[in-house]
Amino acid sequence: MKKIAIILVSSSSLEMAETIKREAEKSDVTLYYKGELKGCERISSVSDAAKELFDKVDALVFICAMGVCVRSISGLVSDKHDDPAVVCVDSTGHYVIPVLSGHIGGANELSRFIASVTGGEAVVTTQSDNNGLWALDTIARDYGWRVTASHKQMNDAIALFVGGCKTAVVAECEDAGTKMMQETKPAHVDFFWSYEAFCGRRNELVLDGQDDYALVIFVSPCIRTMETISCLQFFPPVLHLGVGCQKQTPKETAQQIVEDITVAGYSADSIATIGTIELKKDEPMLSELLRLCEASKLCIYSAEDLNEMDIPNPSERVFEATGTYGVAEAAALSGADGARLIIEKHKGVSCADGTSHYTYALAVSSEHKDGGHIEIVGAGPGDPELVSVRGRKFLQRADLILYAGSLVPRELTYCAKPGAVVRSSASMNLEEQFELMKSFYDKGLLVVRLHTGDPCIYGAIQEQMNFFDRYGMSYHITPGISSFQAAAAELRSQFTIPEKVQTIILTRGEGRTPMPDKEKLHLLARSQSTMCIFLSAGIVRQVQAELLECYPPETPVAACYKLTWKEQRIYRGKLSELVSIVEGNALDMTTMIVVGDAIDNRSGFSKLYDGGFTHLFRKAKKKD
């Protein structure tokens, strides 16, 4: 939690200071004022308060004239890597100015936050911010990477980057930070998802006499260097070390392991976890490894936990001693959520005593990018503007978009990049879909499998993931807005009513695919909850009959056809009229049926915003 001190020169600024404090709920904020003022700590003078607080807080906020602020800190400034953030706010809140430690101390970010609270303008003068460039000196902190560059090396890289020199970014890790860099790269930056792709492009430029890269930025667990180009490397936490050893193996052995990993081309600064079996948790070698790999955390596993991992080199001898068939490999894979080993079990003897045996293995988590990837994306209910921001970004980057053509409008794929392949899966069986996706995946390309709504609800993705798991393929799911959520929005209805309806049931009627006996519609209908029924327009007579066993005939219903599509139609009525609504309007499988008293309800208010109700973020107000 950040400690922020707000120093007021005038009592008239108290209301603004209290508002900033209230909105900065995740920080420890204290107000200071020269004199008695409710809610403020008393100070003798602004300059004395600045001197007292400068080394004790993360940020100093002055609400005063800039001159007062500058004179108060003028003799205190030391180094941008040590100084707190200093921000000056004018008495009206119109201008919020980061004065000191804009990037590293966070004054720029704090100024933007305060400006958003006061409705003012953050007056940021940092060149990279104003030019829309990445802050290279804080990007590692923002995304959890490690950086070992000296202050001089960092400043030299920043000068080249901010100066517009030709820059290459080589990202061998796909996480929030590298995605941001790929999506927001400036015009003078080329982006590569692999070292091989960068080298190939550079060779082409050399042959053409156009190799003018001045800076290469690596985001990789691999140690990368360039002989003739300035380099800046960030190490993402994607490596997971598993170790085993004999009892009381000398702690100096840890250095051997780190050196071996370095020789193999990987950086200890990217090691996120160090894992071993519970039996070895107090070994001195383990403590030394944690010291050497200071960004890592210790993970202790039981033999049962380790036996859940499928390892390439099981050992009966190890099982007899520990109860598991392998410690190093299994612990490494456990830390990486079972992703992939990049160094299988390595056996060694400690150089410290020449007798103690140890093993280690190294795994890499799925963020490490060295091959293809499949992203299962929820398309939303139909309107291209309702696909998530992340989903659209994947569509824009994809090399293959395979979309559910019978349910997803092709317009959703219009944002595909030039050269991308766009195919409908409507005419394909599962094996044909997988064959197509795998052909792109095996080339190290990005595949987007685009499903309607949210892919985890009636999305038929389970059988696809079974294939992906079987072949050890990298994949992930980007959720989407489901049609039941679109139905609530288009009906302008809240599907839960305080004290009356607190459950939403997502289900379908029994068609060619049987329903489990305990999930028959008439059994679910007993609760008289809000029910959203998918894929059932073709069996509407059966649906109506089962619902009428529990819901009153006058229960509100809505038949929502092609929600959010251009062809959207919505019909309201009573449950007793459901068949005539659906059949009379020739509604088909893209129809969502909603039933329940929540439709168009406007009574029964929650206590969330009731002034007399106390909760975690607000105390009740007493009525006069």
Side-chain angles (χ1 to χ4, degrees), residues 140 143-150 153 157 168-175 177-178 181 191-203 213 215-244 253-275 285 288-296 311-313 328-329 331-333 335-337 339-348 351 358-373 444 472 474:
Y143 292 101
W145 303 335
R146 291 269 293 167
V147 59
T148 57
S150 67
Q153 289 170 328
V169 173
V170 182
E172 296 181 284
C173 161
E174 187 171 11
D175 63 7
T178 55
M181 296 176 85
F191 191 94
F192 303 90
W193 279 114
S194 73
Y195 182 67
E196 292 73 20
F198 164 66
C199 291
R201 178 56 180 157
R202 190 177 177 219
N203 288 337
Y213 286 119
L215 173 67
V216 182
I217 300 171
F218 292 103
V219 185
S220 173
C222 302
I223 300 169
R224 302 296 189 193
T225 58
M226 303 294 294
E227 292 184 1
T228 58
I229 306 176
S230 295
C231 293
L232 179 64
Q233 177 148 19
F234 298 105
F235 298 100
V238 295
L239 300 183
H240 302 269
L241 179 64
V243 294
T253 312
Q255 185 65 43
Q256 285 180 243
I257 294 175
V258 170
E259 289 175 359
D260 281 356
I261 291 171
T262 302
V263 170
Y266 299 100
S267 172
D269 287 302
S270 275
I271 295 178
T273 64
I274 298 173
M285 184 186 79
E288 183 66 5
L289 273 172
L290 288 169
R291 188 188 71 81
L292 294 173
C293 308
E294 55 187 79
S296 62
I311 59 176
N313 300 292
E329 290 179 334
L333 286 169
D337 291 328
R340 183 170 62 86
L341 287 173
I342 51 176
I343 298 178
E344 293 188 5
K345 181 170 65 176
H346 177 89
K347 299 178 182 180
C351 293
Y358 66 89
T359 61
Y360 73 85
L362 195 65
V364 63
S365 56
S366 59
E367 289 91 346
H368 180 57
K369 188 174 181 67
D370 62 353
H373 178 75
S474 168

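Reckoned from all heavy atoms, side chains included, excluding hydrogens, waters and symmetry mates.
Looking at every heavy atom in both residues, L215 comes nearest to I229 through N-CG2, 3.7 Å. Between G242 and A331, the shortest heavy-atom distance links the atoms CA-CB, 3.9 Å. Taking each heavy atom of A332 and A363 in turn, the nearest pair found is O-CB, 3.4 Å. Smallest separation of non-hydrogen atoms from A272 and P237: CB-O, 3.5 Å. Between F191 and A171, the closest heavy-atom pair is CZ-CB, 3.7 Å. Heavy-atom minimum distance, P236 versus S270: O-OG, 2.8 Å.
Taking NE2 from H240 and CG from L341, the interatomic distance works out to 11.5 Å, rounded to the nearest 0.5 Å. Note that the OG1 atom of T225 and the CD1 atom of I223 stand 9.0 Å from one another [nearest 0.5 Å]. Here the NE2-CG distance, from H346 to L362, works out to 12.5 Å after rounding to the nearest 0.5 Å. Atoms OG and CG, from S365 and L333 in turn, are 11.5 Å apart once rounded to the nearest 0.5 Å.
Side chain of S296 to main chain of L290: no donor-acceptor pair is present (N/O by atom type, distance under 3.5 Å, no hydrogens or angles). Between the E344 side chain and the P312 main chain, no donor and acceptor come within less than 3.5 Å of each other. In this structure a side-chain-to-backbone donor-acceptor pair under 3.5 Å is present from S220 to C222.
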CA sep, side-chain torsions, deciding dist, call: I261, L241, side chain to side chain contact (heavy atoms under 4.5 Å, CB included): CA-CA 10 Å; I261 291 171; L241 179 64; 3.8 Å; yes
Criterion side chain to side chain contact (heavy atoms under 4.5 Å, CB included) on Y266 and V364, from CA distance to verdict: CA-CA 11 Å; Y266 299 100; V364 63; over 6 Å; no
Stepwise side chain to side chain contact (heavy atoms under 4.5 Å, CB included) test for F235 and T148: CA-CA 9 Å; F235 298 100; T148 57; 3.8 Å; yes
Worked verdict on M181 versus Y143 for side chain to side chain contact (heavy atoms under 4.5 Å, CB included): CA-CA 11 Å; M181 296 176 85; Y143 292 101; over 6 Å; no
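Looking at heavy atoms from C-beta onward, T178 lies in side-chain contact with W145 at the 4.5 angstrom threshold. Annotation: side chain of F198 is in contact with side chain of V216 (closest heavy-atom distance under 4.5 Å). You'll find the side chain of R224 stays beyond 4.5 Å of the side chain of C231, heavy atoms only. Between T228 and M226, every side-chain heavy-atom pair lies at or beyond the 4.5 Å cut-off. With a 4.5 Å cut-off on side-chain heavy atoms, I274 and C293 count as touching. Residues D269 and Q233 form no side-chain contact, since every pair of their non-hydrogen atoms from C-beta on lies 4.5 Å or further apart. I257 has its side chain out of reach of L292: every pair of non-hydrogen atoms, C-beta onward, lies at least 4.5 Å apart. E288 is not listed as a side-chain neighbour of Q255, based on a closest heavy-atom distance of 4.5 Å or more.
A tilted orientation is assigned to the rings of Y195 and F218, their planes being inclined by 30° to 60°.
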